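Comments concern the structure below.
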Amino acid sequence: MRVYSSHKELLKSIKHKLSVGLVPTMGSLHEGHLSLIEKAYSENDEVIVSIYVNPTQFNDKEDLKKYPRNIKEDLKKLNRFENVIVYTPENNDLYQKNESSKQYDFGSFTNLMEGKHRPGHFDGVATIIEKLFKIFNPDNAYFGEKDFQQLLLIKTLTEQLDINTNVVGCDTIREPDGLAMSSRNKLMSDKERKSAKEIIKLLLWAKEVYSKFDFVQIRDEIKNRSKLIDSFKLEYFEIMNLEEFSSISKKNNEIRAFIACRIGNIRLIDNIKL
Ligand code: PAF
């Protein structure tokens with residue numbers, strides 16, 4: 001394992017002819033991240049894992065403060081990948097002093113769901129991903145489908161800016177009870193964690209009845225069911241036809257259900273194909 005906090009030093013250590021896979025993360029690595037790294041290894045000569053809690057994508061300062069950070073544990077987990085290159089920058093390796101997000105226009109899909117509920121979040125994600133892609137020029141970059149809108153956003157970013165990186169979406173990895181893996185999961189109390197396992201049940205119920213009921217009926221019932229779950233506050237539930245959702249997904253005839261909720265103070269999202 002080679003660990004660098006300076007991107008310039010890291011770049012010096014990569015041989016030109018090798019293909020590079022990038023796995024951008026905010027640390028607190030879990031099996032979901034490790035599966036992205038495994039996929040990256042199966043498709044590239046070199047794999048770079050970036051660990052950086054990007055401040056510009058947090059619209060809520062408290063959320064940024066309490067976002068879990070544990071670099072020692074992360075490096076331990078990465079030990080299983082012998083040759084992995086780890087990038088652990090400080091802010092000044094990526095941002096100028098007082099630099100804020102760039103403003104992008106990726107189309108109306110970025111104003112829905114996460115875009116609507118977390119103003120500025122997507123500009124922050126696009127800003128850091130544009131920087132990482134321009135610095136490392138990876139052949140492939142890997143992202144989980146749990147953050148499905150983020151995945152579409154990054155695909156749109158590379159298309160708009162003519163960036164040559166292939167953006168690879170990977171299946172959501174779940175806990176045995178179905179909860180999508182997320183670094184935020186470890187912030188929950190045992191009681192909250194129990195409530196969190198209901199998220200996938202709501203989505204699976206929607207999948208089961210999708211062909212029988214219309215969207216409003218399904219959403220109303222999801223609202224009713226979510227009121228019965230302890231400490232659970234539904235933020236949104238949506239069903240989207242990807243063909244109509246964004247220009248980048250227009251060749252995809254999938255329909256997906258999306259959910260965001262707060263369990264206590266922890267915000268969680270998930271989605272499944274219907
Ligand atoms: O999904 C995440 O962990 C982050 O949004 C990402 C893609 C690493 C950008 O900071």
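Residue numbers start at 1 and run along the sequence shown. Because the structure is predicted, anything quoted here is derived from the model rather than measured. Note that ligands are numbered from 1 as they come in the structure, with each ligand's atoms numbered from 1 the same way.
- Side-chain atoms of Glu198 never come within 3.5 Å of backbone atoms of Ser195 as a donor-acceptor pair (strictly under, hydrogens ignored).
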Ligand 1: which protein N/O atoms lie under 3.5 Å from its N/O atoms?
{"from": "ligand 1", "atom 1": "1 (O)", "to": "Gln150", "atom 2": "NE2", "distance (Å)": "2.8"}
{"from": "ligand 1", "atom 1": "5 (O)", "to": "Gln57", "atom 2": "NE2", "distance (Å)": "2.9"}
{"from": "ligand 1", "atom 1": "5 (O)", "to": "Gln150", "atom 2": "OE1", "distance (Å)": "2.8"}
{"from": "ligand 1", "atom 1": "10 (O)", "to": "Gln57", "atom 2": "OE1", "distance (Å)": "2.6"}

Quiz prompt | Derivation of the salt bridge (Lys or Arg N to Asp or Glu O under 4.0 Å) call for Arg118 and Asp63 | solution = CA-CA 11 Å; Arg118 300 184 70 188; Asp63 192 25; 3.8 Å; yes
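- When the salt bridge (Lys or Arg N to Asp or Glu O under 4.0 Å) test is applied to Lys134, the partners found at least two apart in sequence or on another chain are Glu130.
- Classification of the Tyr236-His117 ring pair by plane angle, with boundaries at 30° and 60°, yields tilted.
- For the pair Lys131 and Tyr95, the distance from NZ or CZ to the six-membered ring centre is under 6.0 Å and the angle to the ring normal is within 45 degrees.
- Atom NZ of Lys273 sits in a sparse spot, with 12 or fewer heavy atoms from other residues, nucleotides or ligands closer than 6.0 Å.
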